[in-house]
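Chain identifiers are assigned alphabetically (A, B, ...) following the order of the sequence lines, protein sequences preceding nucleic acid strands; residue numbering begins at 1 within each chain.
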Protein chains: 4
Amino acid sequence: MHIGLIGLGKMGNNMRARLESKGIEVTGYDTNPDVSDVATVADLVAALPTPRVVWMMVPAGAVTDAVVNDLEPHLEKGDLVVDGGNSRFTEDFKHSAQLAPKGVDFMDVGVSGGVWGLQNGYGLMVGGSAAQVERVMPVFDALRPDGPRDEGFVHVGEVGAGHYAKMVHNGIEYALMEAYAEGYELLDTRKDIIKDVTGTFKAWQRGTVVRSWLLELLVRALEQDPEFEHIEGYVQDSGEGRWTVEEALENAVPVPTISASIFARFVSRQKDSPAMKAVAALRNQFGGHAVKAVD
Amino acid sequence: MHIGLIGLGKMGNNMRARLESKGIEVTGYDTNPDVSDVATVADLVAALPTPRVVWMMVPAGAVTDAVVNDLEPHLEKGDLVVDGGNSRFTEDFKHSAQLAPKGVDFMDVGVSGGVWGLQNGYGLMVGGSAAQVERVMPVFDALRPDGPRDEGFVHVGEVGAGHYAKMVHNGIEYALMEAYAEGYELLDTRKDIIKDVTGTFKAWQRGTVVRSWLLELLVRALEQDPEFEHIEGYVQDSGEGRWTVEEALENAVPVPTISASIFARFVSRQKDSPAMKAVAALRNQFGGHAVKAVD
Amino acid sequence: MHIGLIGLGKMGNNMRARLESKGIEVTGYDTNPDVSDVATVADLVAALPTPRVVWMMVPAGAVTDAVVNDLEPHLEKGDLVVDGGNSRFTEDFKHSAQLAPKGVDFMDVGVSGGVWGLQNGYGLMVGGSAAQVERVMPVFDALRPDGPRDEGFVHVGEVGAGHYAKMVHNGIEYALMEAYAEGYELLDTRKDIIKDVTGTFKAWQRGTVVRSWLLELLVRALEQDPEFEHIEGYVQDSGEGRWTVEEALENAVPVPTISASIFARFVSRQKDSPAMKAVAALRNQFGGHAVKAVD
Amino acid sequence: MHIGLIGLGKMGNNMRARLESKGIEVTGYDTNPDVSDVATVADLVAALPTPRVVWMMVPAGAVTDAVVNDLEPHLEKGDLVVDGGNSRFTEDFKHSAQLAPKGVDFMDVGVSGGVWGLQNGYGLMVGGSAAQVERVMPVFDALRPDGPRDEGFVHVGEVGAGHYAKMVHNGIEYALMEAYAEGYELLDTRKDIIKDVTGTFKAWQRGTVVRSWLLELLVRALEQDPEFEHIEGYVQDSGEGRWTVEEALENAVPVPTISASIFARFVSRQKDSPAMKAVAALRNQFGGHAVKAVD
């Protein structure tokens, strides 16, 4: 099988390597000419056997929109565009509708696994028709982890379903990370009792109820930098967590831990908190409690 | 009526002024000789008519314990000790039991109102027997706000009940402050839309569902320092909020907003968050996401 | 002054009464002919002096859209439409843009006060141009509470700002209500200690830090139905709370208490919780803990 | 090696089986004579070689206290009592101090793994002196999972440290379960999009960031009862989660997800929520919103 891959950044490049190692031929395009196989999107399309499969691995939002716009005039009936990036599921409806009049198919794939996917394989959540899924299956089989197909791949539903599942996956991921982090802070705060914080997490890797891949990564991080001396408690978020909470609000689903994990990230990025200024001011007003003056 | 008052700090001094303005005679004792009427606790007791009423207005915990210990040998059957400080309700059981063998009575009073109590009167929540409440009523009537007695005073229950009610009052207070503060931060963040943040809070003072005394104080604070330029978002907590959550845990009562308001204060006092370091480290491990290095 | 008022439900009808009591002439239109002064929107417009002021007081969303659509063909350059309902602020941009080509002005007004507004006046948050605000001021002065104008009225900013402020107002309101409710549940759970739950809330009305209008309403409700025997813990939400959280997510503002208060409402409406089924199933899986079987 | 084991319930019996399969001789005592090897605690002690090791696997609190009291008179200098139950870490200080005057040693071991421990081994967190740990190591090696010792066993610190680590482990566990459960509810609510909820969780087992043992158990549960038709969303909690939050409060550590997961369990056990009754009553008071009447 021979596919086109647009976006050869950290993720795209690793995925290409895994695909090629499994016998899938990949022609890659990237705006960075140093890593691109072809000069233009048109060249990419021209290089692919018909009907074509073009996999996009680019940032969600404006970039994905632009790539779909670039691709559209060059594609033909029967071609298939796969969005493997982190698009919001509602974007899939838009892109699918944009390509449909030309007879170009569209699929969305939520891809999990990060930088470890090259080695371990990627967890894949796919939205699209059964026929399309069948058609791309060799690619999915190459990307997914070794082992039973249904433990690393799922056909979730129609277009949009793959990114929906990935969005929820990431919402869960945010809360899982926060859960371990809260436990870490408590153990770290009581080093008068806990003489071996790293060792405690390390020991949780087998037999315990909390064992997981994230736990293994936390052990790895602690072994590299015990007490996290070289890292600041400043955490970005990439959208999926917020979308998960928005979907929960839309559907009246309570998500207290997922929302808490996102709010914790928001706070982590604030130099000073306007809300806490207001609370400090209030305490001062009613109780005469001293406030910390800004220097 | 003539009572003893131990503790002439900010609160105690204001309360003394209000009591005297309402015709209650007060002999005050404080460890600071500049403000104390008498040299020792023994002198205070000696100065009071029997049966005595001694009102303690000192910090909860070790100081309150010490004052009870100091008082005990000097008091006689029929005397009454009132703890008007912010003791945990479980402490009241202890102090009551300590004094009971000598026939000395004990009451607990939760006092709300802060620095405004001198002028507005204090909200009073009282724990003790009906007979004791009756006996101290002239003092309560002097301290509480003008208006109907039952809108500023309540006999909550037996010993401990006054502080229990005050504890819950403060738990609610924490969450109310956080609620306004979250709204403030949102308005402040969208000054592209909200051209008059202070004016918006000011306008909420009449007619709206959110009008309250805390709102009035927030307006006052904003008028003194619009945008809180001179105040840091660093907020202490004084125990009652935590105790409220502990009681909630003990009794399986969900308190998501009260606990959230306390956690927000904890975070406000952290230079850097160990938990967020852990989350940043995890993101770096699985996604290769950049971390902010500590300088 | 003479204005048109569309929507004569509970809110609209009360507002009309207050306006008329303050000397504002009102021609009202409602789809219910029993309460409507005119038969059609066209008749309403025809009955008003030019340039016209038409105040909409109808449900947000589809109904507001429909009313704007109905009004548009009948209005003329210089007329002014005021949306006093609970529209999302982004809808104001749409309606303003829809009417602008005809030279019809648009304002949004967040109105707080509920069923008490007729008697107490309504808190008003206004978005629009200074000239428009000036023009409608007699109406605002009639609707707002007696007292200083800036304690019940604010010109928040351009179109959309009024509803933005109202949205945040409601977000805060949700969290305030939840805060009192958590305190209520704790006191109610410990009736072994708290012998007078209603009396405790009643006593908080003067002098305390937590005094507010919502507290007064809670006392009123408890006096009508102590222990809430006749009311189910089932709580609707009307959109503004969710929008507040969505705006907070959009702007990276942490809102833990506002979100918690909304999630509590979601849970209150569930017969059984899918999430808690999953947790119960998990406990059973790893610990062999018994589950409650569905009958 | 030959040890005594008190408590032959679900956990104790499984642990005994694993110990014996690894060559540790076990004399067991239980209040249920059908499963007990000996008639009394005294008989148990008499049956063990000196210096003795007695492992308690009984419910935390009163039962553990009673067993320590029962054991104490029969033990001699050099004997060692191990508490492998879920005692609060502060209890360990008490039991250690109780046994110390007789020269009897005490260790605490947090044991994780549930009903799967027999097969997979148990994660062990140990508090005590290095010499004691060394002495009991054959037992730890038999109980812990196969593989490197430090991936299933940790000597956390002095007496109490083992249970402290186990308490935090369980706090994390609560939040992890809630995180998956929130994601489950969202997927389950959108079955219009997610055509294969079980398949989605199943696919997350390899390659994804959220893969874990709890995820595997969730898949197992869903495969047994898709949509959890036979299980009620009613969830107990066994103490450690609450203690974790209490410790967090004591040490000013923010734990928003751990506390949220416990509050969700509290709510799951309520027939009707007093707090939500209060909110419903408030909405009715200010807005005239209809309430659901109790039948």
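- The environment of D:Glu250 atom CD is sparse: at most 12 non-hydrogen atoms of other residues, nucleotides or ligands sit within 6.0 angstrom.
- Ring-plane geometry between D:Phe140 and D:Phe153 is classed as tilted, the angle between the planes lying from 30 to 60 degrees on a 0 to 90 degree scale.
- Annotation: cation-pi pair A:Arg144/A:Tyr122 absent, no NZ/CZ under 6.0 Å from the ring centroid and within 45° of its normal.
- Using the six-membered ring where Trp is involved, D:Tyr184 and D:Phe201 have ring planes that are tilted, between 30° and 60° apart.
- The choice from A:Ala203, A:Ser259, A:Gly207, A:Ser261 that makes the most heavy-atom pairs within less than 4.5 Å of chain D is A:Ala203.
- Taking A:Pro145, A:Ala264, A:Gly162 one by one and counting their heavy-atom pairs under 4.5 Å with chain D, the maximum is reached by A:Pro145.
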Evaluation steps, salt bridge (charged side-chain N to carboxylate O under 4.0 Å, His left out), between A:Glu91 and A:Arg88: CA-CA 5 Å; A:Glu91 294 292 287; A:Arg88 193 165 185 168; over 6 Å; no
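- Contact of D:Phe263 with chain A is not made at all, since no heavy-atom distance falls under 4.5 Å.
- Looking at D:His163 and D:Ser87, their side chains never bring a donor and an acceptor atom within 3.5 Å of each other.
- Across A:Leu187, A:Val111, A:Asp196, A:Asn120, the residue that shares the most heavy-atom pairs under 4.5 angstrom with chain D is A:Leu187.
- No part of A:Arg149 comes within reach of chain D, as not one of its non-hydrogen atoms sits under 4.5 angstrom from that chain.
- Taking a cutoff of 4.0 Å between a charged side-chain nitrogen and a carboxylate oxygen, D:Asp146 and D:Lys22 qualify as a salt bridge.
- With respect to chain D, the highest number of heavy-atom pairs below 4.5 Å among A:Ser212, A:Gly110, A:Ser112, A:Gly123 belongs to A:Ser112.
- Proximity to chain A involves both the backbone and the side chain of D:Pro256, based on heavy atoms less than 4.5 angstrom apart.
- Heavy-atom pairs under 4.5 Å with chain A were tallied for D:Gly117, D:Gly157, D:Ala252, D:Ala179; the largest tally goes to D:Ala179.
- For the set A:Lys202, A:Met177, A:Gln205, A:Lys195, the entry with the most heavy-atom pairs within less than 4.5 Å of chain D is A:Lys202.
- From A:Arg206, atom CZ reaches atom CG of A:Leu215 across 12.0 Å, with rounding to the nearest 0.5 Å.
- Using a 4.5 Å cut-off between heavy atoms, D:Asn170 does not touch chain A at all.
- Most heavy-atom pairs under 4.5 Å with chain A: of the set D:Glu173, D:Met125, D:Glu158, D:Glu182, this distinction falls to D:Glu182.
- Between chain A and the options D:Thr244, D:Val255, D:Val209, heavy-atom pairs under 4.5 Å are most frequent for D:Val209.
- The aromatic rings of D:Tyr164 and D:Phe89 sit perpendicular to each other, their planes meeting at more than 60°, with 30° as the lower class boundary.
- Listed options D:His169, D:Glu216, D:His155, D:Glu178 were ranked by heavy-atom pairs under 4.5 angstrom with chain A; first place goes to D:His169.
- Both the backbone and the side chain of D:Thr200 come within contact range of chain A, each with at least one heavy atom under 4.5 Å from a heavy atom of that chain.
- In terms of heavy-atom pairs under 4.5 angstrom with chain D, the leader among A:Leu214, A:Leu124, A:Asp192 is A:Leu214.
- Counting heavy atoms from C-beta outward, D:Val126 and D:Asp108 have side chains that stay 4.5 Å or more apart.
- Among D:Val159, D:Thr189, D:Asp150, the residue with the largest count of heavy-atom pairs under 4.5 Å with chain A is D:Asp150.
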